[in-house]
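Below you'll find the structure, written out as structure tokens, and then a few comments.
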Amino acid sequence: MRIATWNINGVRRRLGPLARLVAHARPDVISLQETKVEDDLFPRAAVEELGYRFNLIHGMKSYNGVAILSRVPIEDTGTRAWCGREDRRYAFATLPSGIEVHNCYVPSGGDMPDAEANDKFAHKLRFLKELAVWWSAESKRRRAVLVGDLNVAPLETDVWSHKQLLAVVSHTPVEVELLDRLMATRRWVDAVRQFVPPEQHLYTWWSYRNRDWAKSDRGRRLDHIWVTPALRASLAGATVLREARGWKDASDHVPVLVDLKP
DNA sequence: ATGGTTGTGCGACAA
């Protein structure tokens, strides 16, 4: 079972890269964030042609939007809203094996890492706290995968310069602390870091605003795949598809993949 | 310090 997560930054502008991901990796499940389209306008036919017939679409006009695309039937599907807002940032589904996939798009948090002065940052912190409360209340021992753009780069090696990004939203101590708290709720395992040692720099996002993303390599690891302890022994591999940042019509995020053995 | 780019949808705004 191969599960991919990708902040696709506008699914309608990204059908080429999506087909390329499928040809390259053939994931069984693809979780998308920032689809940026209301459900009526979602490119369902194109996605079905790629082999994904079982789809959970949860979008809105222009902003946010998540989707779970699956080659295998999904059941017990659902969505959630957070912070008393209607933002479409969370969807979940259960695979035939009983494994739950939770697809999450955490608010980016704006520019200023000050909850008093910046409502977007306050929203991000509140969102992470609500996620932690919800996961703390969920029953133990479930087999679950949490994927998505969590918009936090927790490790020093998850950013191009720990020192220079300490006061930059996505890598501030308060965000890292909240992500750690969220991780502790279910003893989530960082699947990708099981295969790429924490000493090694690893990024999933590079700004569009750099002249040469690969040369400057000022990336951050914002996109994550976590599994509950019950699935740790099933982890067979995990990859960040860095090359996708260089594809034609690239998103600013690249796909992240995990393989689970039965 | 500032500006750099992209998507949505056609003007800002969010990232």
Side-chain angles (χ1 to χ4, degrees), chain A residues 5-21 30-44 46-47 57-67 81-83 85-90 103-115 117-128 147-154 158-161 163-172 175 179 203-224 242-256:
Chain A
T5 180
W6 195 9
N7 180 322
I8 199 164
N9 189 17
V11 66
R12 288 177 295 177
R13 288 293 245 185
R14 225 61 75 189
L15 291 174
L18 184 62
R20 210 162 160 181
L21 168 66
I30 306 176
S31 288
L32 299 176
Q33 304 87 37
E34 285 210 87
T35 54
K36 295 188 174 179
V37 64
E38 44 199 328
D39 298 349
D40 290 350
L41 297 174
F42 193 96
R44 288 166 193 272
V47 161
I57 313 286
H58 187 52
M60 58 190 282
K61 190 175 176 172
S62 297
Y63 305 111
N64 312 315
V66 290
W82 307 86
C83 304
R85 299 163 62 123
E86 297 304 313
D87 298 359
R88 298 194 155 187
R89 296 179 176 274
Y90 202 96
N103 180 14
C104 182
Y105 174 48
V106 172
S108 134
D111 288 332
M112 228 188 320
D114 177 347
N118 174 8
D119 288 343
K120 290 178 188 168
F121 194 68
H123 178 215
K124 181 179 196 174
L125 301 186
R126 203 174 331 124
F127 192 101
L128 289 168
V147 308
D149 178 1
L150 304 185
N151 263 316
V152 181
D158 289 339
V159 293
W160 62 275
S161 167
K163 218 172 138 183
Q164 283 175 261
L165 286 170
L166 268 171
V168 173
V169 172
S170 72
H171 192 60
T172 64
E175 292 167 86
L179 200 73
Y203 317 131
T204 65
W205 171 88
W206 294 260
S207 172
Y208 282 128
R209 299 177 194 179
N210 284 328
R211 204 167 297 240
D212 185 336
W213 71 274
K215 194 177 169 205
S216 59
D217 202 19
R218 296 188 167 190
R220 306 179 202 169
R221 189 170 73 108
L222 305 176
D223 304 273
H224 299 272
R242 178 183 168 105
E243 67 192 71
R245 186 61 179 80
W247 288 351
K248 183 176 183 292
D249 301 322
S251 168
D252 44 356
H253 296 251
V254 298
V256 182

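Sequence lines set the chain letters: A, B, ... in the order given, protein chains first and strands last, and positions in each chain run from 1.
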Any protein N or O atoms within reach of nucleotides 10-14 of chain B? Criterion: under 3.5 Å, listing atom names and distances.
{"residue": "dA14(B)", "atom": "OP2", "partner": "Lys120(A)", "partner atom": "NZ", "Å": "3.3"}

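Shown here is Asp114(A), whose CG atom has more than 12 heavy atoms of other residues, nucleotides or ligands within 6.0 Å.
Taking the charged nitrogens against the carboxylate oxygens, Arg242(A) and Asp217(A) do have a contact shorter than 4.0 Å, which makes a salt bridge. Ion pair Arg220(A)/Asp252(A) not flagged as a salt bridge, since none of the NZ, NE, NH1 or NH2 atoms sits closer than 4.0 Å to an Asp/Glu carboxylate oxygen.
Within the structure, a side-chain polar atom (N or O) of Arg13(A) is placed less than 4.0 Å from OP1 or OP2 of dT8(B). Between Ser251(A) and the phosphate of dT6(B), there is no side-chain N or O to OP1/OP2 separation shorter than 4.0 Å.
Between the CG atom of Asn210(A) and the C1' atom of dA15(B) there is a distance of 14 Å, given to the nearest Å. In this structure, the CG atom of Asp111(A) is 14 Å from the C1' atom of dA1(B), given to the nearest Å. Atom CG of Asn9(A) and atom P of dG9(B) are 13 Å apart (whole Å). Following rounding to the nearest Å, Gln33(A) (CD) and dA15(B) (P) show an atom-to-atom distance of 14 Å. Look at CG on Asp119(A): it is 17 Å from C1' on dA15(B), rounded to the nearest Å.
Trp206(A) and Trp213(A) have perpendicular rings, their planes meeting at more than 60° on a 0 to 90° scale where under 30° would count as parallel.
Panel note: side chain Thr172(A), backbone Leu166(A); no donor-acceptor pair is recorded below 3.5 Å.
Between the side chains of Arg88(A) and Asn64(A), no donor-acceptor pair of N or O atoms lies under 3.5 Å.
The nearest heavy atom of DNA chain B to Arg12(A) and to Gly109(A) marks one nucleotide each, and the one closer to the 5' end goes with Arg12(A).
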